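The structure appears right after this line, and notes come after that.
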Protein chains: 2
Amino acid sequence: MNKHDADKRDLFAIADLAKEFGISTRAIRFYETKGLLKPDRVGSTRVFRRRDRARLILILRGKRLGFSLRDISEYLSLYDTDNSRTAQVQLLIEKVDERLGLLRSQLTDLETTIAELSEIRALADERIGPATDIDKAS
Amino acid sequence: MNKHDADKRDLFAIADLAKEFGISTRAIRFYETKGLLKPDRVGSTRVFRRRDRARLILILRGKRLGFSLRDISEYLSLYDTDNSRTAQVQLLIEKVDERLGLLRSQLTDLETTIAELSEIRALADERIGPATDIDKAS
DNA sequence: CATCAGGTTGACGTTTACGTCCACGGGTGT
DNA sequence: ACACCCGTGGACGTAAACGTCAACCTGATG
């Protein structure tokens, strides 16, 4: 909808991405030093393209999930790997499976936690009085 | 099943818990200094009861999910609050809701990630050849 | 031309979550 | 009495992930 729709553009300044994702430019530069991003350069100035923007999105999601940058780096390489030419597809499969295992156990943890909290919430809710038709009508 | 079934006992030494959960005694002491655990004392020696063991389980789960100790501390207080006597049940509800929101968005992130990885896995799997009856029979 | 916004590297500071090392005390087996 | 083993608290070290200057280089603009 937006004239500047980020998904359609192909070139981004470091500040563009920082603003778009609410992080600091320092952080972005840091990710680069860690090899998670590899923006092009024009002179010394970084120029980001869709590919790096996509990677950034994955990085941030990984962070929300509590993974370290090192973890995320490995994880990104799964996306990178040229599945069709890899000599070690088997190795790729193993890595993906390993990560899937981790994620699935996290999923279980999360579901348990959500269930527990929901119960607490229900109890508290009861205490304050369940919503009545009258309440809803107010 | 085990004679020493941990869930049935009521008293634990710091080393018991450390061993059971595969963490260091140093870590447990650290959690105490941060107020996450409040073991009884016999002289200067810590004595843990079921309550603190339960809290420890929650702490570790929180960590697996990528929360900070500070986050976890707040989270534990949700369990602590005496729902039936709280003067501010409403506040409790708000806090629980807030946390539930966080967890649910994590859940979404996780599901997305798992789906993406599954796809990658499927592609790689194809490349190496789908499992045949012969393969399975080998 | 002066200035100013935005970019760069480098060095150092900071917080979190422990690990490591230490000197010390208390109970136990021999 | 002596050697162990376990536990304790204090001090210091450390890795990760940035934040915070500082000093510098642009390119655009009034």
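Throughout, a chain's letter reflects where its sequence line sits, starting with A, and its residues are numbered from 1. Owing to the predicted nature of the structure, the values given are computational and were not obtained by experimental measurement.
At least one test fails for B:R26 against the ring of B:Y31: distance under 6.0 Å to the centre or angle within 45° of the axis. Taking the ring centre of A:F67 as origin, the terminal cationic atom of A:R99 falls inside the region bounded by 6.0 Å and 45° from the ring axis.
If you take CZ of B:F21 and P of C:dC18, they are 15 Å apart, rounded to a whole angstrom. Rounded to whole angstrom, the span from the CZ atom of B:R64 across to the P atom of C:dA17 amounts to 16 Å. One atom, CG of B:L60, and another, P of C:dA17, lie 13 Å apart when rounded to the nearest Å. When rounded to the nearest whole Å, the span between CZ of B:F48 and C1' of D:dG7 equals 11 Å. B:L17 places its CG atom 16 Å from the P atom of D:dC6, with the value rounded to the nearest Å. Rounded to an integer number of Å, the gap from CG of B:D16 to C1' of D:dC5 is 14 Å. Residue A:R29 contributes atom CZ, which lies 21 Å from atom P of D:dA16 at whole-angstrom precision. One atom, CG of A:L37, and another, P of D:dA17, lie 14 Å apart when rounded to the nearest Å.
B:K38 and B:E32 are not joined by a salt bridge, as no carboxylate oxygen comes within less than 4.0 angstrom of a charged side-chain nitrogen. We find that B:D109 and A:R61 are not joined by a salt bridge, their nearest charged nitrogen and carboxylate oxygen being 4.0 Å or further apart.
Contact annotation for B:R70: backbone-only contact, meaning every heavy-atom pair under 4.0 Å involves sugar-phosphate atoms and none involves a base.
Where B:T25 and B:K34 meet DNA chain C, the nucleotide closest to each residue was compared, and B:K34 sits on the side nearer the 5' end.
Taking only side-chain atoms of B:F30, from C-beta outward, the nucleotide of C:dA17, C:dG7, D:dC18 with the closest atom is C:dA17. Nearest to the side chain of A:A27, among C:dA17, D:dA16, D:dG19, sits D:dG19.
Side-chain N/O atoms of A:R26 and base N/O atoms of D:dT20 include a donor-acceptor pair closer than 3.5 Å.
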### Task
Begin with the C-alpha distance, continue with both residues' side-chain angles, and end with the deciding distance and a verdict on salt bridge (Lys or Arg N to Asp or Glu O under 4.0 Å) for B:R9 and B:D16.
CA-CA 11 Å; B:R9 285 169 53 199; B:D16 294 340; 3.2 Å; yes
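An OP1 or OP2 oxygen of D:dT8 is reached within less than 4.0 angstrom by no side-chain nitrogen or oxygen of B:S44. Dashed line: the shortest gap from a side-chain N or O of B:R46 to OP1 or OP2 of D:dG7 is not under 4.0 Å. OP1 or OP2 of D:dA17 has not a single side-chain nitrogen or oxygen of A:Y31 nearer than 4.0 Å. Neither OP1 nor OP2 of D:dG7 sits under 4.0 Å from any side-chain N or O of B:T45. For C:dC18, the OP1/OP2 oxygens have a side-chain nitrogen or oxygen of B:K63 closer than 4.0 Å.
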